[in-house]
Amino acid sequence: MTEATAAELDAADPLAHCRDLFEIPEGIYLVGNSLGALPKAARRYVSVEFDRWATLGVEGHFTGNLSWKDYHHLVSEQLARLVGAKPAEVAAMNALTVNLHLLMVSFYRPTATRHKILIEEHAFPSDHFAAESQIRQRGFDPASSLVVLAPRPGEYNLRPKDVLDTINQLGDELAMVLLPGVQYYTGQVFPIADITAAAHAVGAVAGFDLAHAVGNVELELHDWGVDFAAWCTYKYLNSGPGGVGGAFVHDRHVADPDLAKFTGWWGTNADSRFEMACEFDPIPTIDSWQLSNAPILPLAALRASLDIIDEAGGIAAMRAKSERQIQFFDRRLQEVLGKRIENLTPSDLSQRGCQFALRVAGGNGKEVFEALEEANVYCDWREPDVIRAAPVPLYNSFADIENFVQALDYIVEKGSTDRDVVGKDSVDEPFSPGSDEDA
Ligand SMILES: *Cc1c(COP(=O)(O)O)cnc(C)c1O
């Protein structure tokens, strides 16, 4: 394996055929961590719902095995498999930040002495805002209730031990931990099981944002005892822009009548829902957190992707390929770019997902990124100085990785200020980024 070329690895890849199940923008697409590619079948799944709408109208809510009133349940088992949960513990609903709020309404229950939320310094701003506003909403002050944990000086990643020590130190002042499964900037995998155990040991609740974890790494939320989690589906689950969000509540909590909750008609007993009585009869699953009737078209698109994932052998098969891609990417960066590029992502496989957080030595990363963009190489820029690139096992080939490394080498070597050299008209050698017919 260590000396294998991209072509050899692609020829031996059991998931290579999956690439043809997606429509991928021309060029090298390494931003599935931001917006997953379009599953070809999504057009068909959504079109079926347009047809049902056109022919059945409102009766579509109640007709057939795709009835819209039950449609959200079509994805329960598939989502449960992806996060290591029971179907009664997962729901496709709303969007990520909305779900974080709804779950914090239930799980952040501050008292005069136990009111702190632990987050990390580089939390995605939406998560930071959500935690801060929950604290204010309960009459507390983020200055004293929001604990923001930073990596040690000169380090990019939080040491797992430092996270656990902080939890222990906060002790009975800690109400809740809200941390990522995979950090969106560095790609670091957090030890969810250990963090959950540490939080529980001091009497706190453990919640996770799995935006960059679901569909990327293997998860066992139920067995790990996680209290709650939320994620989006438009990144590694390829559901399309603004796709429906996901949520998890551990089954020891789902029927707890003492949990505060914002409620709506989609959370009450489905058998009596349409009697329109005003007595809330909570569904004894995570469904009782649902508010509104489900967004059928985004769910249809999501189903197309989840079916591909199942057909590919699920997250275990995806992760197995991903680990080979990570090792190949590491090796080629080392061989071709050496010290001209730094990867902030932890080097240990167990502490990283498929995303690389690359920093260009010399500080002209932004120009390098812009030159990559011009050359139809899709990756993304995150301030202050990181190029994120994520080979996704479902549709990225080893050749994509090789081509990315070659493009990066070419641009870094030529000097990215030299725009006319790296403009996309002149870069079909050596990495053939595709035609320049894009709009
Ligand atoms: C992508 C992402 C979000 C985006 O939130 P939305 O509510 O889906 O807009 C939030 N948090 C994290 C960690 C993310 O990676």
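All values derive from a computational prediction rather than experimental measurement. Hydrogens, waters and symmetry mates are skipped; everything else that's a heavy atom, side chains included, is used. Read the numbers this way: they start at 1 and go in the same order the structure lists the ligands and their atoms.
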**OP:** Applying side chain to side chain contact (heavy atoms under 4.5 Å, CB included), run through I195 and L164 and close with a yes or a no.
**Re:** CA-CA 6 Å; I195 290 170; L164 303 178; 4.1 Å; yes
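Checked by distance only, ligand 1 and S126 stay at 3.5 Å or farther apart across all their nitrogen or oxygen atoms. Considering backbone and side-chain N/O atoms, H212 comes within less than 3.5 Å of an N/O atom of ligand 1.
In this structure, R136 does not pair ionically with D141, as no charged nitrogen and carboxylate oxygen lie closer than 4.0 Å. A salt bridge between E173 and R114 is absent, with no side-chain N of the basic residue lying under 4.0 Å from a carboxylate O of the acidic one. A salt bridge links R19 with D400: the distance from a Lys NZ or Arg NE/NH1/NH2 to an Asp or Glu carboxylate oxygen falls below 4.0 Å. With respect to the salt-bridge test (charged N to carboxylate O, under 4.0 angstrom), the residues K86 and E89 do not qualify. Taking the charged nitrogens against the carboxylate oxygens, D165 and R159 have no contact shorter than 4.0 Å, which rules out a salt bridge.
Contacts between D127 and ligand 1, counted as non-hydrogen atom pairs separated by less than 4.0 Å, involve the side chain only. By the criterion of a heavy-atom distance under 4.0 Å, both the backbone and the side chain of L96 are placed next to ligand 1.
Nearest to atom 4 (C) of ligand 1 by heavy atom, out of F129, Y234, Y185, is Y234.
Close contacts of ligand 1 with D209, meaning ligand atoms under 4.0 Å from a residue heavy atom, involve 11 (N), 12 (C), 13 (C).
Of the protein's non-hydrogen atoms, the one nearest atom 12 (C) of ligand 1 is F124 CG, 3.3 Å. Among protein heavy atoms, the minimum distance from atom 5 (O) of ligand 1 is reached at T97 OG1, 3.4 Å. Of the protein's non-hydrogen atoms, the one nearest atom 2 (C) of ligand 1 is K235 NZ, 2.5 Å.
Here W265 and F274 bring their ring centres to under 6.0 angstrom of each other.
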